[in-house]
Structures are given as structure tokens and as C-alpha cells.
Trainee: 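Next up is a structure, given as C-alpha cells.
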Amino acid sequence: MGSPEKPIDVEMGDMSDETKELNPEVKVELLKKEEPEKDRFTGLKKEELLAISNEPKWVRARWVLFILFWLVWIAMLVGAILIVVNAPRCKPEPVPQWYQDTVVYEADVAEFAADFKGMENHLPYIQSLKSDAVLVSGAGDPTGNLPGFDDLKKAMEDKSMKLMVDLVIDTLSISHTYFQTSAVSGCTGNLCDFFIWRPNSTDLNQEDSKFQWVYNEARGSNYKASKSDANLAFINYGNAKASEYAMDLVGSWFNKGIDGVQLRDLANVQESDILTNKIWKKYIEDSNATVPRALFLYSSAQPATQMLSDLSVNGTNTIPSPVQVNAGPAMEVNKANSGKLIQNSITAWRSQSRSISAYTVSPLGGPLAEEKYGNKTASGLNLLVLTLPGVPVLRSGDEIGAQSSVFEWPETITEESIPENTNQNTLLTTKGVTVLRVAGIQCLQALRYDTQDADTTFNFLDIGNDAVVAFLRKWTTKAAVLVVSNMSPTEQTVAVNVAGGLLDKDDNLVKKTKVVVASSDYSADAEVDLSALKLSPGTTVIFKS
């Protein structure tokens, strides 16, 4: 316990070794002799600090430190601003016209849904294809009674969809009053040569795949008619009244509030460039429409340079311009050198004009892709067209692999209803691209924009195989997309990890990568060797880096 004479810590310090072993946790602190206060450093006192604080050397030191602090702070601020200003920034996305960044769904009213009311009921199906623009054919006479048309237009407006109408301007029904006036003996007036008439002659018997000569008893002459339908007479655009008729027809439809028209078939229209210029100027360029209008132009003649002689676009093709509809690639299928022919077709088309193009597999008036090529090739061709630089025009029936353009709908219709004559694989493949394309998924951003400037990359790969076409698309810093298609009739094995192909983060050619979507042969996300890519006939595959 200790005692007054002997402190406890001293007593504990005198513990024997035996006692220490019995109390190992007890710490012993020996008293140390306290150092004299004069030998310890206690720092400057307040009075001493104040006494020296105003000495010149310390004043200068404080100013130097103060100035250095602010100089360093300002330098850091300036450096941060320079880093922000000079750092690579995301390129602002282009703002194309509505008809330059969509999938156009092309449907005949009677074949798709019987009438306009039926089309209104099936708008959710069209939207499921990520198409917000519908091109209607067989719409009827805009000056006549069109039951359900206004309701369809209103329903599409509510869904932020655009309505376009296909106008056949090269022929006119022989039941039309113009033909009845023209088809009389001794005809007088400006409608007499509104159609193309020829007297009986031996040269009229010559075979032609696009037209025929049909004798009209009332006039005693032959009129030029469609090869597929003798009731459709070809219009003579050498007659001033014909141009007036086409202008009035376009104007009548725009007066009904539609968003655009397609003129078809300009291959049979004399001086079609003059006509299209007039229509563009009057109804598109100089219109006061709140929403920009669209003008699509289709010609069965390939190429169709005559359509846009004065409407070429200078600069990027996101400015308003007519859209040329191209079926060229679809015409080169099932040939030994299909890949080279498709490449040549696209290259020639893009070199004619900077105006944006549209691509279609099955032009209106012809058979569907399934009927013409078979299911596998039709699916691959649809996939190829959906990835080309431009606007894909999807004809109703092609997306479901149908052989008939007449849709078979279930009796009970819901928003999820699909036609009963649907090939599920074809529909899934089609949706796989349209959804990725239009929804703006990052990896396929390259497929959305074709500004045809320094930001756009679109180049064909030299793979040394004319049967297969391969091209890479990239927009600014977005991930690149590689498309490879074998539209030849035989299986092909090709190396597509060649110059101009996909690159990794170190700018080396990618040897293996994953499939985004394929029409056949490969499943999505399958890893594939690009140095030995095997493609069966009619297959198209999309890869990303």
C-alpha cells in the first residue's frame, strides 16, 4: 500500500522477481529527476512573437507566401479550364428530318387490313417494328369519300406517327373520265393525247416486259397499258395537262393533312426531273406546313439519275431533300458475284447525289421477297437492306416472311396481335434490327446517321470474294458496326478481319467478336472467328467491336 515515507510506486519498484512474476500486468514507473526548466524548449511567447512580427524580413516572407498561394491557385484554375475546353467532347448528334431517321412501313390498305379502320386497329403492330412512318398504297381518290381516313390520321397523330401516301402517277384507270374523254373517235381538246395512243401497226406486236398495246374500239386505236393490268393506261407526260394532273393530285392529298407522298413509277414519266422539281418547290419547300413534308421518288429504272437534276444536296444530307427509293441491291440476288454487284449498285447510287436514299427489298407492284427468293434469302436480304446507309422501306409482308401480301389477322385483336401467316424467325430478325436501329442503342448508333461528311464512315471491305459483300459503318466516336452478307447461291467462307474492318481499343484488327443479330447460321452474342467466317446462301450477319 505504501507509506508517507515511501511512495507506492517506489515500493512497487522494490518488488522481488518472484512478486513481479505473480503480477505480470503491473507496470512500474520509476520516478525520474525533473529537468531544469531552463533546459526545456517552450517556444516563443506571445510578446516575443509580436516583437519580431513586424521585422522587415518576416513581412517580406509573409507577402511572398501570400502572393505564391494566389498565383498557384489561379494557375490551377486556368489549368482546369484549359483541360475542360480542350478535352475530347461527345459530338452532338445530328438532327435529321423525321423521314431521314425512321423505318418506313409500306402497306396496301386492302391487303393489310381491308380498310382504313382496320389499319387504325393494327397501328400497335406497326409500332412494334419501331416504325413511326406509314406509307399507304391503294388509298383511293383524295377528292372522293374515304371512310375511316380522318380517324386513321388522327390516331396516328396521337401516336406521333407520320402518314404518307403512295401515288401511282405513270398510269390511270381506263374508267377515269380523262380516259373516257380521250377514247372517242375524232377526239378534240387537250385530253386527246393525255394517254399514249398508237394506230394499228405491225410493230405493236413487239414483246415488252413492262407494257402492252390494247386496242380500243371507241377510238379505233391502241393505248399503251400496264403489262400486268390492261385497265391501267400509261399517261403521256409530253402533254401539259398530264403535269397539271400530277400536281393537282399531290396538292389534293396534302390538303387532307398527310405528311408526305411517294411518286411512282418515274421510269415511265417523260422529263420526270422537271415534274419533281415543281412538286418539291410548290408543296415542300414553299409550303407553310408546321411539320416538314416528305417527298419520296421511286423509279424501276436503275440508276435513276434523272429524278433529281436540280435537287442535289450540298453539305450533310440531314437538310430537307427528296428521298430516292432504291431497289438495286435486291435485283442482284442469287448470282455468283452478288456481293460485287450489290457493292457496285450502292456505290453508283451514292455517287449520284448527296440526297439521302431509301432502300426496299420488294417494290410495290412486284412479288414479296419470300415468294421471289425463298424464306432464308428473303430474311437475309431484309436484314441487309435495314443496315444500308439511308432510310429502310419495309413492305408489309416482308417482315413476317409471307408469300402473300394479304395479311391474315386473328379474330380477336390486341396490341400484341401479329398476323397468323407470320414466320416467327423472320419477324424476330426484322425486329432485332429495327428496334436496335431506331431506339438509338449505343452499339448500333452507326446505323442511324449517314451525314456523308467527315463524321461518317461507310466503307466496303476488300475481302477477295465477289460472292460476299462486307462493309463497316461508324459515326464519329460511336462503336463501329460490321455487316457481312452472302446473297450468292453457294456457301462461302471469308476473312473479314482485313484493312478497314473492326478494330479493338488498341486499334488492332479484331479477330473474334460477338454477333449482334443474324438472319441465319448464328445466334445473337455468339463469338465468331472473323478470319474464317462461314456463311450459307442468303445469310446476313451484323457484328460490333
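Source: prediction; values computed, not measured.
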Trainee: Under 6.0 Å from the CD atom of Glu415, do we count more than 12 heavy atoms belonging to anything else shown?
Mentor: no
Trainee: Whether the side chain of Asp286 engages the backbone of Lys282 through a donor-acceptor N/O pair (distance < 3.5 Å, no angle test) should be reported.
Mentor: no
Trainee: Can you tell if the side chain of Thr377 reaches within under 4.5 Å of the side chain of Pro537, non-hydrogen atoms only?
Mentor: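 They are not in contact (no side-chain heavy atoms under 4.5 Å apart), so the answer is no.
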Trainee: Quick one: are Leu129 and Lys431 in side-chain contact, heavy atoms under 4.5 Å?
Mentor: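 Yes; the side chains approach each other to less than 4.5 Å.
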Trainee: Report the residue from Phe211, Phe195, Phe179, Phe234 that forms a ring-ring contact (aromatic ring centres under 6.0 Å, His included) with Tyr223.
Mentor: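 That would be Phe179.
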Trainee: Using only atom types and a distance under 3.5 Å, with no angle test, would you say the side chain of Ser379 pairs donor to acceptor with the backbone of Asn375?
Mentor: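 Such a contact is absent between Ser379 side chain and Asn375 backbone.
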Trainee: I'd like to know if the side chain of Thr426 and the backbone of Ile400 have a donor-acceptor N/O pair within less than 3.5 Å.
Mentor: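 Checking the backbone N and O of Ile400 against the side chain of Thr426, no donor-acceptor pair under 3.5 Å is found.
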Trainee: Should the ring pair Tyr245 and Phe194 be called parallel, tilted or perpendicular, given that the plane angle runs from 0 to 90° and is split at 30 and 60?
Mentor: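 If you compare the ring of Tyr245 with that of Phe194, the planes turn out perpendicular.
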Trainee: For Trp409 and Phe407, take the angle between the two ring planes, folded into 0 to 90°, and tell me which bin it lands in: parallel under 30, tilted 30 to 60, perpendicular over 60.
Mentor: tilted
Trainee: Are the side chains of Met331 and Ser345 in touch, meaning some heavy atoms are under 4.5 Å apart?
Mentor: no
Trainee: Considering only NZ, NE, NH1 and NH2 on the basic side and carboxylate oxygens on the acidic side, decide whether Asp166 and Arg264 come within less than 4.0 Å.
Mentor: yes
Trainee: Taking the six-membered ring for Trp, are the ring centroids of Tyr105 and Phe112 within less than 6.0 Å of each other?
Mentor: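 Ring-ring flag for Tyr105/Phe112: true, centres closer than 6.0 Å.
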Trainee: Under a 4.0 Å threshold between the charged nitrogen and the carboxylate oxygen, would Glu157 count as salt-bridged to Lys154?
Mentor: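 Not counted as a salt bridge, because no side-chain N and carboxylate O are separated by less than 4.0 Å.
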Trainee: Keeping Ser519 on the side-chain end and Thr539 on the backbone end, is there a donor-acceptor pair under 3.5 Å?
Mentor: no
